[in-house]
Amino acid sequence: AEAGAVADPEANHSISTAVYSIDGTLVVAGVSNGKMCVWKREETTNVPRDLGFAPVELIQGRHASDVYLVNMSHGGDQLASASRDGMVCIWKLKRRNRKRGPHETWKIEASFMAPERDEQHVGRRRREETPRVDQVTWNADDSLLLASTHTFEVVVYSLARTRIVTRLSGVHTEPVHVIICHPFEPRLAMTASYSGEVALWDLRDGVPIKVFYSVDCRPDGRKWPD
């Protein structure tokens, strides 16, 4: 992967998503050409702090299509990105001292593709599927990255082991667009799907602890439309 200074933040391409760093000093945006633009807050007395941002870096070299998901880690030194070709990348903020002062740049740490559907979940209606990632998020201590995929499951990637360690499956039968990790317990996460379930998971073994159903909250016993 390559990263360098950018004067024009890809003005001729559309931006699909953007995220603040945890301390509010950086903004990272996913661009339709497979790159990411980074802006950094400038210290100035003439412009309100949250408005004084300047482009500082263009992250590129891994995604081959529209970067439409980005998520910053709680520690602010890791960035997850996903593109429409089903690729998920993990970037690390590297700090170096130079003659002109400290320098920061994002470097690729790991990447993986949205996995194919397990054979037992395919049955007789097997067909060619386009890999897709619907959501990415970090667990409480930033040791795991969770990504929901076109297979209606959530894969759990371990940064320490540099591989997918478990797949949260067997509950949802439609796309999973909600992943919420517990604020301080690294092993817990909740997922929600268009099929009407909310599942609480133990990330250590990939087993659902509890499943809640939307029909339980509706008097007529039918699913909510969303």
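FYI, the numbering just counts along the sequence from 1.
Looking at every heavy atom in both residues, Cys89 comes nearest to Arg62 through SG-CB, 3.7 Å. Minimum heavy-atom separation, Leu145 to Phe112: CD2-CE2, 4.4 Å. The two residues His63 and Ser83 make their nearest non-hydrogen contact at ND1-OG, 2.7 Å. For Val31 against Asp66, the heavy-atom pair with the smallest separation is O-OD1, 3.6 Å. The two atoms that bring Leu168 and Gly206 nearest to each other are CD2-CA, 3.5 Å, heavy atoms only.
There is a path of hydrophobic side-chain contacts, each under 4.5 Å, that joins Met36 to Val19. Both Val70 and Met72 are assigned to one and the same hydrophobic cluster, defined by single-linkage of ILVMFWY side chains at heavy-atom distances under 4.5 Å. Residues Val67 and Ile90 do not share a hydrophobic cluster, clusters being chains of Ile/Leu/Val/Met/Phe/Trp/Tyr side chains in contact below 4.5 Å. Under the 4.5 Å side-chain contact rule for hydrophobic residues, Tyr68 and Ile15 do not share a cluster. No path of Ile, Leu, Val, Met, Phe, Trp and Tyr side chains, each step under 4.5 Å between heavy atoms, connects Val133 with Leu146, placing them in separate hydrophobic clusters.
Distance OG/Ser111 to OH/Tyr157: 7.5 Å, rounded to 0.5 Å. Summarising the geometry, atom CG belonging to Asp141 is positioned 10.0 Å from atom CG belonging to Leu159; distances are rounded to the nearest 0.5 Å. Remark: Glu153 CD to His172 NE2 distance equals 11.0 Å, nearest 0.5 Å. Separation of atoms CE (Met113) and OG1 (Thr149) is listed at 11.0 Å; rounding is to 0.5 Å. Between the CG atom of Asp205 and the CZ atom of Arg187 there is a distance of 9.0 Å, given to the nearest 0.5 Å. Atoms CD and NZ, from Glu104 and Lys94 in turn, are 12.5 Å apart once rounded to the nearest 0.5 Å.
Remark: side-chain polar atoms of Ser193 are not paired, donor with acceptor, to backbone N or O of Glu197 under 3.5 angstrom. Proximity of a side-chain donor or acceptor of Ser65 to a complementary backbone N or O of Arg84 within less than 3.5 Å is detected. Without hydrogens or angle criteria, Asp142 side chain to Gly75 main chain gives a donor-acceptor distance under 3.5 Å. Judged purely by atom type and a 3.5 angstrom limit, Asn139 uses its side chain to pair as donor or acceptor with the backbone of Pro186.
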- Start with the C-alpha distance between Ser148 and Thr191, add both sets of side-chain angles, then the distance that settles side chain to side chain contact (heavy atoms under 4.5 Å, CB included), and finish with yes or no. CA-CA 9 Å; Ser148 59; Thr191 59; over 6 Å; no
**Request:** Test side chain to side chain contact (heavy atoms under 4.5 Å, CB included) on Trp91 and Ser81 and set out the steps.
**Result:** CA-CA 8 Å; Trp91 310 81; Ser81 59; 2.9 Å; yes
**Audit row: His177, Tyr194, side chain to side chain contact (heavy atoms under 4.5 Å, CB included) steps and yes/no** = CA-CA 8 Å; His177 285 286; Tyr194 285 155; 3.3 Å; yes
>> Walk me through whether Trp106 and Leu26 qualify under side chain to side chain contact (heavy atoms under 4.5 Å, CB included).
In response: CA-CA 12 Å; Trp106 293 93; Leu26 296 176; 4.1 Å; yes
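Ile22 shares a hydrophobic cluster with no other residue; no ILVMFWY side chain has heavy atoms under 4.5 Å from its own. The hydrophobic cluster containing Val198, built from Ile/Leu/Val/Met/Phe/Trp/Tyr side-chain heavy atoms closer than 4.5 Å, also comprises Leu188, Met190, Leu200, Ile209, Phe212.
Counting heavy atoms from C-beta outward, Arg163 and Ser158 have side chains that stay 4.5 Å or more apart. Counting heavy atoms from C-beta on, the side chains of Val176 and Gln135 never come closer than 4.5 Å. Between Trp201 and Val171 there is a side-chain heavy-atom pair separated by less than 4.5 Å. Between Thr151 and Pro115 there is no side-chain heavy-atom pair separated by less than 4.5 Å. Contact check for Val38 versus Pro55: no side-chain heavy atoms found under the 4.5 Å cut-off. Side chains of Val211 and Tyr213 form a contact here, defined as non-hydrogen atoms less than 4.5 Å apart. Using a 4.5 Å heavy-atom cutoff, the side chains of Asp134 and Ile179 are not in contact.
Among residues two or more places apart in sequence or in another chain, the side-chain contact (heavy atoms from CB on, under 4.5 Å) test is passed with Asn71 by Val136, Thr137, Trp138.
When the shell of 6.0 Å around NZ of Lys92 is examined, it contains more than 12 heavy atoms from other residues, nucleotides or ligands.
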